[in-house]
2 protein chains.
Amino acid sequence: MVTMSDVARAAGVSTMTVSNVLNERRPVAPATRERVLASVESLGYEMNQTARNLRAGRTGTIALIVPSFFDYYSELADAVAREVEPRGSHLVLERTAATAEHEMASVSGARLQLYDGVIMSSVGLDREQLDRIRRPKPIVLLGERDVPERFDHVRLANEDGARMATAHMIERGSRRILALGATPGDGHAMTTDRRVGWEQALRDAGLPADERYVVPIGDYSFENARAAMLSIIDSGLPVDGVFAMTDVIAIAALGALHERGLRVPDDVQVAGFDDLKVGRFLPPALTSIDPGHEAVAREAVRLLHRRMDDPEVAAEHVSVPVTLSVRGTTR
Amino acid sequence: MVTMSDVARAAGVSTMTVSNVLNERRPVAPATRERVLASVESLGYEMNQTARNLRAGRTGTIALIVPSFFDYYSELADAVAREVEPRGSHLVLERTAATAEHEMASVSGARLQLYDGVIMSSVGLDREQLDRIRRPKPIVLLGERDVPERFDHVRLANEDGARMATAHMIERGSRRILALGATPGDGHAMTTDRRVGWEQALRDAGLPADERYVVPIGDYSFENARAAMLSIIDSGLPVDGVFAMTDVIAIAALGALHERGLRVPDDVQVAGFDDLKVGRFLPPALTSIDPGHEAVAREAVRLLHRRMDDPEVAAEHVSVPVTLSVRGTTR
DNA sequence: CTGTTAGCGCTTTCAC
DNA sequence: GTGAAAGCGCTAACAG
């Protein structure tokens with residue numbers, strides 16, 4: 001490995017001069033400068049960022065830690081990148097593969113120490129696990145669960161969104177609406193919040209929230225969502241609306257409905273959550289809840305910088321509003 | 001910031017002992033060990049990874065640099081992560097926003113020095129720009145362009161895939177097949193290779209490769225692809241097949257065809273390239289070329305480790321075969 | 001304009 | 001089983 005001293009020796013100057021040439025920090029005589037650059041070139045020198053970061057006490061890098069690289073998280077990551085870069089930091093993405101162990105490892109593990117700050121979209125950790133996390137580096141939690149007070153946190157208005165989507169389908173005539181991908185019972189999962197919103201909309205309309213209409217889907221995958229939708233149809237349970245907890249589930253449901261010859265939106269209306277780009281280009285285009293990636297990203301990055309500037313500032317909890325995008329899968 | 005010396009002082013030991021306790025490198029007397037761990041806990045110490053990496057001369061991290069976080073790249077990144085992690089490294093994802101400047105910055109810029117190795121999926125750089133890149137760190141180029149000999153490189157069999165998809169539609173009766181998203185003329189873009197495959201299939205079948213059927217799409221976005229497809233339909237050009245250069249383009253084309261009342265696959269067959277997960281769940285499911293993410297990831301990681309082990313090993317160029325996945329958008 | 005010194009936080013090496 | 005010294009590659013601070 002060629003170091004700065006190698007370059008300095010080759011150019012007949014001190015390492016400081018090399019440093020000053022490369023960083024344009026202090027003026028260097030043109031002749032010296034040329035000699036240094038020539039040595040850099042001929043030796044193929046590239047600065048060791050690790051050493052530089054150690055010296056600087058910062059890395060200039062922010063990490064976004066997500067359960068997967070797909071769908072909602074792609075779009076979120078893109079929004080966060082667009083928010084981070086103008087502020088002069090770099091964004092890197094890491095995935096946890098959605099297991100609690102990985103998330104704990106990501107966040108309590110030492111790797112976090114590589115970054116100036118971390119934005120973490122948690123799905124696998126419960127409140128107690130989150131509570132065990134120290135907070136030596138600025139960290140902002142993203143997502144739907146409720147989290148310990150001491151963490152900065154950005155969440156979506158999940159209940160609102162679910163209520164809006166469900167109410168919209170009720171208004172357009174649906175009476176038997178599935179909560180596809182929802183989790184029954186208590187809990188702090190994103191899907192719990194969304195199921196509660198679904199219930200509220202039904203209750204507001206004087207409709208029953210029948211347990212049989214709450215259909216859990218283990219991993220939120222296309223495969224399992226399709227299978228779940230098919231088995232509901234085949235069970236004969238009357239359904240004239242589907243509120244899917246995610247757009248992935250909604251898209252799989254559209255496919256399953258089509259396979260069974262049910263027309264959307266005529267026989268069954270469908271609404272999703274996430275407003276994935278692809279949904280806007282399906283025939284028919286998917287009605288969905290827009291989670292406001294830009295606002296989430298903006299708030300998350302704002303909270304992170306606030307904490308990077310002042311580690312002792314009081315934690316802030318932000319809830320970002322969502323909006324309903326009405327398209328072709330509802331009437 | 002609390003450092004190892006702080007912990008050592010609090011525990012009444014040397015930093016070496018703290019290091020040994022934390023890394024379990026050498027045995028430490030149980031009593032000492034307990035005292036150290038207690039100090040770590042009470043001071044909230046976390047090890048500085050940057051210092052550790054500087055000392056170790058490696059970071060244990062591999063970067064995958066991609067033009068965007070979406071679609072093909074999501075799926076690729078997932079496959080690469082699954083390949084990298086079992087080998088004991090971490091994967092981070094960075095995006096270049098698909099501009100040549102960003103790609104140059106990513107790869108010649110100093111940031112690269114943060115990683116033990118880099119896998120870069122290049123789209124914006126031409127051969128000459130790539131040639132200006134030094135190669136101080138192990139780097140594997142991914143993607144469709146042809147690249148300077150000295151780089152390790154993994155590419156797809158783009159021509160083969162395009163030929164297979166087009167030939168399949170010809171076999172099933174299409175005669176006027178669009179190359180949607182292709183670039184006319186010479187060049188080393190992915191879309192050039194795929195257009196050439198389209199031409200070959202037509203030629204093999206004794207059909208003309210009419211220039212009017214080559215339809216460029218600036219940014220490969222859903223929006224532009226939909227607009228391009230609509231304007232082709234409205235122009236009255238007879239079309240009974242669409243070979244889309246990417247699945248994103250194919251999905252947008254499906255939407256546009258539907259908007260104009262054309263039936264798929266009865267009136268028009270459609271085939272894409274990338275085999276995105278979502279395509280398998282559309283009604284009808286999208287026929288596409290499976291780019292073999294697992295094989296690409298496996299080869300890329302293999303080449304990278306090979307070069308990390310021996311920086312002087314001769315560069316290797318690998319072409320990964322693709323396969324046709326026939327589904328509902330072709331007959 | 002350029003150089004010397006000291007040290008970022010950690011671990012290897014050598015000593016006891 | 002534990003510690004002291006040296007140094008990874010870089011740069012701030014202070015000379016000159």
Side-chain angles (χ1 to χ4, degrees), chain A residues 1-40 43-61 109-116 134 136-137, chain B residues 1-40 43-61 109-116 134 136-137:
Chain A
M1 160 170 285
V2 33
T3 74
M4 207 179 240
S5 338
D6 298 329
V7 175
R9 199 172 320 110
V13 297
S14 75
T15 59
M16 264 324 291
T17 299
V18 178
S19 175
N20 286 327
V21 168
L22 295 175
N23 296 304
E24 300 179 332
R25 216 170 273 282
R26 293 194 307 194
V28 174
T32 318
R33 191 186 141 74
E34 287 316 314
R35 246 178 320 130
V36 168
L37 289 176
S39 302
V40 165
L43 296 178
Y45 171 71
E46 299 242 341
M47 192 145 57
N48 180 323
Q49 280 302 311
T50 302
R52 175 183 241 246
N53 288 343
L54 174 59
R55 183 63 240 227
R58 59 188 295 280
T59 63
T61 304
R111 267 194 76 67
L112 199 149
Q113 293 293 120
L114 278 171
Y115 304 114
D116 293 342
R134 293 202 215 88
K137 280 279 176 183
Chain B
M1 160 170 287
V2 32
T3 74
M4 208 179 239
S5 338
D6 298 330
V7 175
R9 199 172 319 111
V13 296
S14 75
T15 59
M16 263 326 290
T17 299
V18 178
S19 175
N20 286 326
V21 168
L22 265 25
N23 296 305
E24 300 179 332
R25 216 170 273 281
R26 292 194 307 195
V28 174
T32 319
R33 192 186 140 73
E34 287 316 313
R35 248 181 315 132
V36 168
L37 289 177
S39 303
V40 164
L43 296 178
Y45 171 72
E46 300 241 339
M47 192 145 59
N48 181 322
Q49 281 302 310
T50 302
R52 176 182 240 248
N53 289 343
L54 174 59
R55 188 61 241 230
R58 58 188 294 280
T59 63
T61 304
R111 267 193 75 67
L112 199 150
Q113 293 293 119
L114 278 170
Y115 305 114
D116 294 342
R134 294 202 214 88
K137 282 278 177 184

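So you know, we letter chains A, B, ... as the sequences are listed, proteins then strands, and number each from 1. Values reported hereafter were calculated over all heavy atoms of this structure, with side chains retained and with hydrogens, waters and symmetry mates removed.
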Under 3.5 Å, is there an N or O donor on one side and an acceptor on the other linking the side chain of B:R26 and the base of D:dG3? yes
Side-chain donor/acceptor of A:T15 to backbone N/O of A:M4, under 3.5 Å: no
So, is B:T17 close to the D:dG3 phosphate, meaning a side-chain N or O under 4.0 Å from OP1 or OP2? yes
For a quick test of reading the model, state the closest non-hydrogen atom pair linking A:Y45 to A:T3 and the distance between them. CE1-C, 3.5 Å
Rounded to whole Å, how long is the line connecting atom CD of B:Q49 with atom P of C:dG9? 14 Å
Given C:dT2, is OP1 or OP2 found less than 4.0 Å from the side-chain N or O atoms of A:S14? no
Distance, rounded to the nearest Å, where B:L114 contributes CG and D:dC10 contributes C1': 14 Å
Quickly work out the B:R55 CZ to D:dG9 P distance and round it to whole Å. 9 Å
Pick base, sugar-phosphate or nothing for B:R25, based on heavy-atom distances below 4.0 Å to the nucleic acid. sugar-phosphate
Counting any heavy atom closer than 4.0 Å, what does B:T32 reach on the DNA or RNA strands: base, sugar-phosphate only, or nothing? sugar-phosphate
Expected output: side-chain A:N20 to main-chain A:R25 donor-acceptor under 3.5 Å: no
So which heavy atom on B:K137 is nearest to which on B:L112, and how close? CB-CD2, 3.2 Å
Taking the side chain of A:A29 as heavy atoms from C-beta outward, which of C:dG3, C:dC1, C:dC10 is closest to it? C:dC1
Between atom CG in B:L22 and atom P in C:dT12, what is the gap in whole Å? 14 Å
Just the rounded figure in Å: distance from P of D:dA12 to CZ of A:R52. 9 Å
For A:V2 and for B:G12, locate the closest nucleotide of DNA chain D by heavy-atom distance; then report the residue assigned to the nucleotide nearer the 5' terminus. B:G12
Provide the closest heavy-atom pair for B:T50 versus A:Q113 in the form atom of the first, atom of the second, distance. OG1-O, 4.3 Å
Atom CG of A:N53 to atom P of D:dC8: distance rounded to whole Å? 18 Å
When you check the phosphate oxygens OP1 and OP2 of C:dG9, does a side-chain N or O of B:T3 lie under 4.0 Å from one of them? no
Residue whose closest nucleotide on DNA chain D lies nearer the 5' end, B:V13 versus B:L54: B:V13
Let me know the distance between CG of A:N20 and C1' of C:dT4, rounded to the nearest Å. 13 Å
Spacing between A:N23 atom CG and D:dA13 atom P, to the nearest angstrom: 14 Å
